[in-house]
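Since the structure comes first, as structure tokens, the remarks are kept for the end.
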Amino acid sequence: MKILKFGGTSVENPARIEKVADLIQDDQPKMVVLSAIGGTTDKLEDITHYLYNNNRDAAREITAGLEKKYRKLAEELFRTDEGLHKALGMISSHFNHIRSFFNKSYSTLQQKSILAQGELVSSALFQFFLEERGVGSQLVSALHFMRIDKNEEPDELYIKENLERELAGYPGTNLFITQGYICRNAFGEIDNLKRGGSDYTASLIGSALEAEEVQIWTDVDGFHNNDPRYVENTSVIRHLSFDEAAELAYFGAKILHPASVLPCKLKEIPVRLKNTFNPDDEGTLITTTPPLQEIRAVAAKDNIAVIRIQSNRMLLAYGFIRKVFEVFELYQTPVDVITTSEVAVSVTIDRLEKTESILHDLKKYGTVEVEYNQSIICVVGNLMADEKGIIYKIFDALHEVPVRMISYGGNQYNVTILVHSENKTEALNALSRNLFSHEQ
Ligand code: ASP
Ligand code: MG
């Protein structure tokens with residue numbers, strides 16, 4: 001069994017819905033996980049915010065606009081009167097459900113129920129569309145098997161038992177459709193796996209069914225080996241390990257959140273990123289052990305601040321680093337890159353809200369300096385494959401770029417470099433030329 005998740009942009013309009021239908025029509029057993037149609041969950045969130053603020057007119061207006069959009073989509077999508085009639089009836093009933101909350105007092109229960117309507121509508125529309133085309137498929141509701149416990153963690157045993165029972169009810173069926181994102185909580189109420197949670201749904205289903213592969217279909221070819229916004233001639237990384245993908249995800253490669261594929265990582269189920277608009281491209285495959293290859297990618301993150309604390313007494317002293325880190329802990333600010341010398345420590349942070357308080361408290365321990373507008377550049381790959389050569393190539397590439405910090409050896413998958421943001425594009429391009437030129 002393969003699990004295929006299609007994101008909101010993949011089912012945004014009739015042409016795209018048809019495209020997805022074409023992509024899934026072979027006899028291989030599969031389960032298709034659908035997000036809400038692009039932009040819907042944002043709108044549903046707006047509705048709940050307006051209800052919270054007692055602005056029912058605004059909530060009513062957005063609801064009407066959204067319903068109109070769905071009715072138009074159905075009119076374009078369905079070819080038979082019967083199909084269209086069914087779809088319009090389904091759409092009305094979901095929007096009436098949303099409206100049924102308008103005269104009640106606000107509760108999180110109602111909020112979660114409203115948020116769930118996007119996936120419920122997109123999956124039903126898709127199922128009706130397949131029926132109209134004569135494709136044999138079965139819609140199973142995620143509300144029958146997807147569940148989180150009291151700590152809001154997926155209840156994996158429950159998911160497995162209930163999903164297997166659900167599928168066993170349809171022997172001989174090769175194609176199942178379900179909703180991403182939505183679930184029930186420990187009290188049996190409608191809930192969700194947080195924004196962007198459909199990838200997580202796919203991964204949890206993959207793990208529960210011990211799937212052969214989980215495919216995440218989006219609108220890009222996969223992870224790129226450098227940032228296409230700043231560097232020309234980037235290429236798609238064909239094969240990554242889960243650890244490498246996790247390193248890259250921090251740097252804003254928004255296509256996949258690493259936590260969302262944790263269930264697959266634990267069961268060693270391959271995850272493949274595919275492009276709905278370029279399905280022949282093999283995409284990026286993420287597995288536990290990809291073939292050894294030195295450098296896979298370069299990525300950058302902006303809006304970093306570096307804080308340097310210099311202690312006159314650090315020489316031969318202990319406890320200094322602990323005190324410094326306690327300050328960051330107190331203000332719940334994660335530290336990303338760290339370098340130390342005998343008498344000083346430099347750390348970077350990307351959450352800047354508490355910087356003033358942090359600086360104030362750190363002054364107890366020494367001289368403190370801060371610099372803003374820094375960028376972290378990360379080189380990801382299996383650096384042990386050819387250690388000497390790689391470090392040389394990185395430093396050689398950066399010989400004209402002022403480097404502020406270097407962190408190497410934290411694990412075998414990355415070298416992290418801090419530069420002033422005005423030097424970022426130059427650094428990314430220089431690294432690309434030195435590290436990937438052999439690939440072009
Ligand atoms: N529809 C939800 C969202 O927009 C879940 C998802 O798309 O993954 O956040
Ligand atoms: Mg998404």
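Quick caveat, the model's predicted, so the values are computed rather than measured. Just the heavy atoms: all of them, side chains too, but no hydrogens, waters or symmetry mates, feed the values below. Every number for a ligand or one of its atoms is a count from 1 in the order of the listing.
For the side chain to side chain contact (heavy atoms under 4.5 Å, CB included) criterion with Val298, the lone passing option out of Leu435, Val415, Val231, Asn225 is Leu435.
No hydrogens or angles considered: nothing links the side chains of Ser35 and Glu119 as a donor-acceptor pair under 3.5 Å.
The contact set between ligand 1 and Glu119, taken as ligand atoms under 4.0 Å from a residue heavy atom, comprises 1 (N), 2 (C), 5 (C). Atoms of ligand 1 found under 4.0 Å from any heavy atom of Ser35 (numbered from 1 in listed order, with element): 6 (C), 7 (O), 8 (O). Within ligand 1, counting atoms from 1 as listed, the ones closer than 4.0 Å to a heavy atom of Ser198 are 5 (C), 6 (C), 7 (O), 8 (O). Set against the non-hydrogen atoms of Arg195, the atoms of ligand 1 under 4.0 Å away are 3 (C), 4 (O), 9 (O).
Checked against a 3.5 angstrom limit, the closest N/O atoms of Thr41 and ligand 1 fall inside it. The N/O atoms of Lys194, backbone and side chain alike, include none that comes under 3.5 Å of an N/O atom in ligand 1. Between Tyr181 and ligand 1, a contact under 3.5 Å exists for no N or O pair. Looking at ligand 1, you won't find any N or O of Lys5 less than 3.5 Å from one of its N or O atoms.
For Ser100 (side chain) and His97 (main-chain N/O), a donor-acceptor pair under 3.5 Å exists by modelled atom type. Although no hydrogens or angles enter the test, the distance criterion places no donor-acceptor pair under 3.5 Å between the side chain of Asn185 and the main chain of Asp191. Within the 3.5 Å criterion, the main-chain N or O of Gly38 finds no donor-acceptor partner in the side chain of Thr9.
Within the structure, the closest approach of Gly196 to ligand 1 falls below 4.0 Å when heavy atoms are considered. At least one heavy atom of Gly197 sits under 4.0 Å from some atom of ligand 1.
In this structure, Lys19 is not positioned above the aromatic face of Phe277 in the sense of NZ or CZ being under 6.0 Å from the six-membered ring centre and within 45° of the axis. Cation-pi contact between Arg147 and Tyr158: present, with separation from the ring centre below 6.0 Å and deviation from the ring axis of at most 45°.
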